[in-house]
Amino acid sequence: MQTPDGLTTNMPDVHEHIFGDDRPFAQCHASTLVELPGGRTLAAWFGGTEEKQPDVAVWGAMRVEGRWSQPRVLTKVRNSPHWNPALFLAPDGRGHRCFTGGDRIPIWDPWRIGSEDEGETWTEPRELVPGDRGGRG
């Protein structure tokens, strides 16, 4: 399929939902997608009882053969809200997930996680830039 801006993608031209009203969190947003080899797609977002609450984590689901997996927590570093995940696949095939954590924007910590098996497993979270704080969302 070709996108309106001329890029080619394997993503189908369909409208679908990853999950319905029966989900393990009350609120979620800030979704991100990455297309993986073999036609799979990984999605991530942050979700919990309500934005800014300590239970907010990075959640995700994998689309394989036209079906989305059940949402699951992908990342929860500590008992503070997590924000704004971003997924990308580097030219060397490694997957990356960045996100922020913290109660308020001025004290957000930017984090990164890597995957060498197309999102099946991930490294332990590490600070994106050690000691960096602030609204890098």
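All values below come from the heavy atoms of this structure, side chains included, with hydrogens, waters and symmetry mates left out.
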K.L.:
Between Phe46 and Asn84, what is the shortest heavy-atom contact and its length?
P.N.:
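Nearest pair, atom of Phe46 first, then Asn84: CD2-N, 3.1 Å.
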K.L.:
Mind checking side-chain hydrogen bond (donor to acceptor under 3.5 Å, both in side chains) for Ser69 and listing every partner two or more places apart, or none if nothing turns up?
P.N.:
none
K.L.:
Ignoring hydrogens and angles, tell me if any N or O in the side chain of Lys52 forms a donor-acceptor pair with the backbone of Val56 under 3.5 Å.
P.N.:
no
K.L.:
Considering residues at least two apart in sequence or located in another chain, which fulfil the salt bridge (charged side-chain N to carboxylate O under 4.0 Å, His left out) criterion with Arg72?
P.N.:
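Arg72 satisfies salt bridge (charged side-chain N to carboxylate O under 4.0 Å, His left out) with no other residue.
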K.L.:
Closer than 3.5 angstrom, by distance alone: can the side chain of Thr41 be matched with the main-chain N or O of Arg63 as a donor-acceptor pair?
P.N.:
no
K.L.:
Taking only Lys NZ, Arg NE, NH1 and NH2, and the carboxylate oxygens of Asp or Glu, determine whether Arg40 and Glu120 approach each other closer than 4.0 Å.
P.N.:
yes
K.L.:
With Glu50, which residues qualify under salt bridge (charged side-chain N to carboxylate O under 4.0 Å, His left out), at least two apart?
P.N.:
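For Glu50 there are no salt bridge (charged side-chain N to carboxylate O under 4.0 Å, His left out) partners, ignoring immediate neighbours.
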K.L.:
Looking only at atom types and distance, does a side-chain atom of Asp55 sit under 3.5 Å from a main-chain N or O of Thr49, one as donor and one as acceptor?
P.N.:
yes
K.L.:
Please, which pairs that meet salt bridge (Lys or Arg N to Asp or Glu O under 4.0 Å) have at least one residue in residues 93-103, sequence neighbours excluded?
P.N.:
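Found Asp92-Arg94, Arg94-Glu116.
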K.L.:
Mind listing the closest non-hydrogen atom pair of Ala44 and Val58 along with its distance?
P.N.:
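That would be CB-CG1, 4.3 Å.
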K.L.:
List for me each residue that meets side-chain hydrogen bond (donor to acceptor under 3.5 Å, both in side chains) alongside Ser115, sequence neighbours excluded, and say none if there are none.
P.N.:
Asp117
K.L.:
Indicate yes or no: at least one non-hydrogen side-chain atom of Trp108 is less than 4.5 angstrom from one of Ser80.
P.N.:
no
K.L.:
For Phe25, does its backbone N or O pair with a side-chain atom of Arg23 as donor and acceptor, under 3.5 Å?
P.N.:
yes
K.L.:
Do any N or O atoms from the side chain of Trp59 and from the backbone of Gly47 form a donor-acceptor pair under 3.5 angstrom?
P.N.:
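Indeed, once roles are kept as given, a pair shorter than 3.5 Å links the two residues.
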K.L.:
Tell me who clusters with Leu128, hydrophobic residues only, linked when side chains sit under 4.5 Å apart either directly or through other members.
P.N.:
Val129
K.L.:
Trp83 and Gly101: which non-hydrogen atoms are nearest, and at how many Å?
P.N.:
CD1-CA, 4.2 Å
K.L.:
Could you tell me which residues satisfy side-chain contact (heavy atoms from CB on, under 4.5 Å) with Arg67, sequence neighbours excluded, listed by chain and number?
P.N.:
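So Arg67 forms no side-chain contact (heavy atoms from CB on, under 4.5 Å) with any residue.
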K.L.:
For Gln70 versus Ala61, what's the shortest heavy-atom pair and its separation?
P.N.:
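Closest approach of Gln70 to Ala61: O-CB, 4.4 Å.
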K.L.:
Go through the structure and list residues passing side-chain hydrogen bond (donor to acceptor under 3.5 Å, both in side chains) with Arg126, not counting sequence neighbours.
P.N.:
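Once residues adjacent in sequence are excluded, Arg126 has no partner under the side-chain hydrogen bond (donor to acceptor under 3.5 Å, both in side chains) criterion.
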K.L.:
Checking Leu36 against Leu42 for the side chain to side chain contact (heavy atoms under 4.5 Å, CB included) test, could you report, in this order, the C-alpha distance in whole Å, the side-chain angles of both residues, the deciding distance, and whether it holds?
P.N.:
CA-CA 7 Å; Leu36 300 170; Leu42 177 61; 4.1 Å; yes
K.L.:
Which pair of heavy atoms, one from Ser31 and one from Trp45, lies closest together, and at what distance?
P.N.:
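Heavy atoms only, the tightest pair is CA-CB, 3.9 Å.
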K.L.:
Suppose we screen for side-chain hydrogen bond (donor to acceptor under 3.5 Å, both in side chains). Which residues come up paired with Glu127, at least two apart in sequence or across chains?
P.N.:
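Here the qualifying residues are Arg133.
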K.L.:
Once rounded to the nearest 0.5 Å, what's the spacing between atom CH2 of Trp68 and atom CD1 of Ile18?
P.N.:
4.0 Å
K.L.:
Once side-chain contact (heavy atoms from CB on, under 4.5 Å) is applied, do any residues pair with Val77, and if so which ones, sequence neighbours excluded?
P.N.:
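For Val77, the residues satisfying side-chain contact (heavy atoms from CB on, under 4.5 Å) (neighbours in sequence not counted) are Thr75, His82, Phe99, Trp111, Pro125.
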K.L.:
To the nearest 0.5 angstrom, please state how far the CG atom of Leu87 sits from the CG atom of Leu33.
P.N.:
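One finds 7.5 Å between CG of Leu87 and CG of Leu33.
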K.L.:
Among residues at least two apart in sequence or on other chains, which ones pass salt bridge (charged side-chain N to carboxylate O under 4.0 Å, His left out) with Glu51?
P.N.:
none
K.L.:
Among residues at least two apart in sequence or on other chains, which ones pass side-chain contact (heavy atoms from CB on, under 4.5 Å) with Pro37?
P.N.:
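Here the qualifying residues are Leu89, Glu118.
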